[in-house]
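Atoms considered below: every heavy atom in the structure, side chains included; atoms not considered: hydrogens, waters and symmetry mates. Letters A, B, ... mirror the listed sequences (proteins, then strands); counts begin at 1.
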Amino acid sequence: MLDLETVGEVLVAKLRGELDLKTAGELRQGLDRALDGFTVRHLVLDLENVSFMDSTGLGVVLGRYKRLAGAGGKLVVLGLQPPVRRVLDLSGVLRIVPEFNTLKQAVEALRRGEASA
Amino acid sequence: MLDLETVGEVLVAKLRGELDLKTAGELRQGLDRALDGFTVRHLVLDLENVSFMDSTGLGVVLGRYKRLAGAGGKLVVLGLQPPVRRVLDLSGVLRIVPEFNTLKQAVEALRRGEASA
Amino acid sequence: MLNRFRLEFPSRAENVSLARVTVAALASQLDPTIEELDDIKGAVSEAVTNGIIHGFGASPEGTIVVEAVLYGDAIEIYVEDGGKGIKDVPKAMEPEFSSDPERLGLGFSFMQSFMDSVQVDSAPGRGTRVIMRKQFAPRH
Amino acid sequence: MLNRFRLEFPSRAENVSLARVTVAALASQLDPTIEELDDIKGAVSEAVTNGIIHGFGASPEGTIVVEAVLYGDAIEIYVEDGGKGIKDVPKAMEPEFSSDPERLGLGFSFMQSFMDSVQVDSAPGRGTRVIMRKQFAPRH
Ligand SMILES: Nc1ncnc2c1ncn2[C@@H]1O[C@H](COP(=O)(O)OP(=O)(O)O)[C@@H](O)[C@H]1O
Ligand SMILES: Nc1ncnc2c1ncn2[C@@H]1O[C@H](COP(=O)(O)OP(=O)(O)O)[C@@H](O)[C@H]1O
């Protein structure tokens, strides 16, 4: 469900599967543990392999956004599939969370401090 | 569910989807209409895109086998996916219906009168 | 009525996807667009999650019932729990209202965005029934 | 018992796949092999088809009930119709016996090949209940 990698002060999390009540808890724990353990400021969520997300899954994304924002960090997303984009869009999350086309672009923008929605 | 093509006296039927009670009737009709309409002796069933077959679907295959055998024609199969192979195997159908790896091999063997299980 | 089913299962998190899959399998019989199917899956996910989390307080001991009825060009979905119930339904349906600080309060908003109508019958101690309807776009 | 469901639907041909999909979704929660999943789908397909064709004579007016129960390492599946029933169960279960000349008589044989056990409770006029169990191979 979750592959993690760090690039400098950026944590890259590749998610897989369907993000709902069943998987949300595990994902929240996995992300928070990584954010606790590494000295990272920013988080890239690669959602390319996430085929479904509901409001419970969205809660995990927004929760991480708030946690990072509190410490001056940023959350960005990439690889949005139509049903996931739909939910991020409807909820207004795409107005506060920047979206990138590639991991490279996301990481570079975060490093230059240029990632904004 | 069914694409049809004739190559000389061979009818090539490409099937798609899941072959069960819902789709069996339509398939039986489609195949019989084609066998009535064209002056073909043999039938190649390309099952590459059939992901599921149960005993009702198998009944359609065996029914066409019998119809052709009665008129001195042959039925051959190709593209068996594991769950389809399982059912053809268990029922003994693979002992009377020859299997080929490619359409070309199937058509050539039928034309040379060399198709046997 | 073209077809229908009634599905009963315990209030466990893994059954949110079970319900989605089954409703999607029924809806697929009308040959919907991918977007229509995604909408239906999203709405079912929200309603069933609410039954589990709010209706039964995340206990797996409750029972959720999902019924779906297919008409020529529409689907009606009923999601029912015999759980806690809702005191103030209009308030519960307000966007961003949640009784749980950990949640977003967007469940009912999503159901309303995804479906053509959403109706909620509920009373404290008498459980909750969500009735949703979606019309499919004409095609072919 | 890890999880379970009860699914009720009319005896229509399109619901053979609905039943397959729902049972497969439950079974998937145990992380089975593809072969195990194919076996389960095959067995459900045969049992539900029999309920529709033999139990209710292909009329869509009957109701079929599929229940599935997941244990730590096994699944139990119950397929029930309130239809015609079977007079001679051992005879009906013989390979290649069919009361319908158009059919192969392999339904019960396939169920037995796919599952570890198949039990049939039936009586004329009282419907039929097929109980199947499959143990999953140990892994991980
Ligand atoms: N099935 C239910 N049983 C009891 N209360 C419910 C149910 N569904 C919704 N509610 C109440 O309505 C509120 C809003 O629901 P919703 O919009 O889905 O947001 P959320 O699930 O994020 O709280 C919930 O916080 C809860 O108080
Ligand atoms: N649910 C049922 N209700 C009534 N009769 C049944 C039922 N299931 C099976 N039978 C009887 O048992 C016979 C054998 O069933 P089966 O092995 O599945 O083969 P087939 O479906 O090809 O006839 C059927 O032909 C029918 O007479």
Side-chain angles (χ1 to χ4, degrees), chain B residues 1-2 15-33 35-36 45 47-70 75 77 79-97 117, chain D residues 9-21 23-24 32-60 62 64 79 81 92-93 95-98 100-115:
Chain B
M1 149 109 270
L2 184 60
L15 278 51
R16 240 172 304 110
E18 303 195 315
L19 202 34
D20 68 4
L21 183 62
K22 172 64 187 163
T23 49
E26 195 188 318
L27 177 66
R28 182 189 303 112
Q29 275 192 9
L31 288 173
D32 279 349
R33 230 175 261 152
L35 291 171
D36 290 341
L45 288 183
L47 300 171
E48 167 124 44
N49 295 313
V50 173
S51 54
F52 178 84
M53 185 188 289
D54 61 15
S55 77
T56 306
L58 186 67
V60 177
V61 175
L62 259 178
R64 282 351 86 194
Y65 167 83
K66 285 181 187 153
R67 174 183 169 155
L68 289 164
L75 174 102
V77 292
L80 306 186
Q81 301 304 315
V84 173
R85 175 181 302 283
R86 178 83 193 274
V87 156
L88 292 176
D89 196 20
L90 270 177
S91 61
V93 168
L94 280 184
R95 287 198 299 272
I96 55 172
V97 167
Chain D
F9 50 81
S11 49
R12 308 179 69 96
E14 48 270 57
N15 292 333
V16 178
S17 74
L18 186 83
R20 274 202 304 272
V21 163
V23 176
T33 64
I34 292 176
E35 290 73 30
E36 287 167 339
L37 216 48
D38 284 339
D39 286 349
I40 289 168
K41 286 192 219 166
V44 169
S45 212
E46 299 299 339
V48 172
T49 300
N50 278 353
I52 297 172
I53 293 291
H54 303 301
F56 295 114
S59 151
I64 311 269
V79 178
D81 65 68
M93 292 182 79
E96 300 187 36
F97 171 82
S98 179
D100 178 343
E102 294 280 293
R103 296 184 59 82
L104 304 177
L106 293 178
F108 281 128
S109 305
F110 281 1
M111 290 181 237
Q112 285 168 320
S113 299
F114 295 153
M115 304 293 280

Out of D:Pro95, D:Gly105, D:Ser113, which one racks up the most heavy-atom pairs below 4.5 Å with chain B?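 Sorted descending by pairs with chain B, the first entry is D:Ser113.
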
Quick check: under 4.5 Å, non-hydrogen atoms only, which of residues 44-56 of chain D neighbour chain B?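 Hits under 4.5 Å: D:Ser45, D:Glu46, D:Thr49, D:Ile52, D:Ile53.
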
B:Ile96/B:Tyr65 under side-chain contact (heavy atoms from CB on, under 4.5 Å): CA gap, chis, key distance, verdict: CA-CA 9 Å; B:Ile96 55 172; B:Tyr65 167 83; 3.6 Å; yes

Might you point out which heavy atoms bring [X] and [Y] nearest each other, and give the distance in Å?
{"X": "B:Ser55", "Y": "D:Leu106", "result": "CB-CB, 4.3 Å"}
{"X": "D:Ala43", "Y": "D:Phe114", "result": "N-CD1, 3.5 Å"}
{"X": "D:Leu37", "Y": "D:Pro32", "result": "CD1-CG, 3.6 Å"}

For D:Pro101, does its backbone N or O pair with a side-chain atom of D:Ser98 as donor and acceptor, under 3.5 Å?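 The answer is no, because no donor-acceptor pair under 3.5 Å joins these two groups.
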
Checking D:Glu36 side chain against D:Thr33 main chain: does a donor-acceptor pair fall under 3.5 Å?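 Flag set: sc D:Glu36 to bb D:Thr33 pair under 3.5 Å.
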
Once rounded to the nearest 0.5 Å, what's the spacing between atom [atom1] of [X] and atom [atom2] of [Y]?
{"X": "B:Arg28", "Y": "B:Leu2", "atom1": "CZ", "atom2": "CG", "value": "13.0 Å"}
{"X": "B:Leu35", "Y": "B:Leu68", "atom1": "CG", "atom2": "CG", "value": "5.5 Å"}
{"X": "B:Glu18", "Y": "D:Ser17", "atom1": "CD", "atom2": "OG", "value": "6.0 Å"}

Between chain D and each of B:Leu58, B:Thr23, B:Leu21, count heavy-atom pairs under 4.5 Å; write down the option with the most.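 When all of B:Leu58, B:Thr23, B:Leu21 are compared, B:Leu21 has the most.
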
I need the full list of salt bridge (charged side-chain N to carboxylate O under 4.0 Å, His left out) pairs touching residues 49-64 of chain B, with sequence neighbours left out, sorted by first then second residue.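 Sorted result for residues 49-64 of chain B: B:Asp32-B:Arg64.
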
For D:Asp38, salt bridge (charged side-chain N to carboxylate O under 4.0 Å, His left out) partners two or more places apart: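 Checked D:Asp38 against salt bridge (charged side-chain N to carboxylate O under 4.0 Å, His left out); zero matches.
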
Using a heavy-atom distance cut-off of less than 4.5 Å, which residues of residues 80-90 of chain B contact chain D?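 Residues B:Pro83, B:Arg86, B:Val87, B:Leu90 are the ones that qualify, each having a heavy atom under 4.5 Å from chain D.
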
Which portion of D:Arg12 sits near chain B, non-hydrogen atoms under 4.5 angstrom: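 Nothing of D:Arg12, per the 4.5 Å heavy-atom cut-off to chain B.
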
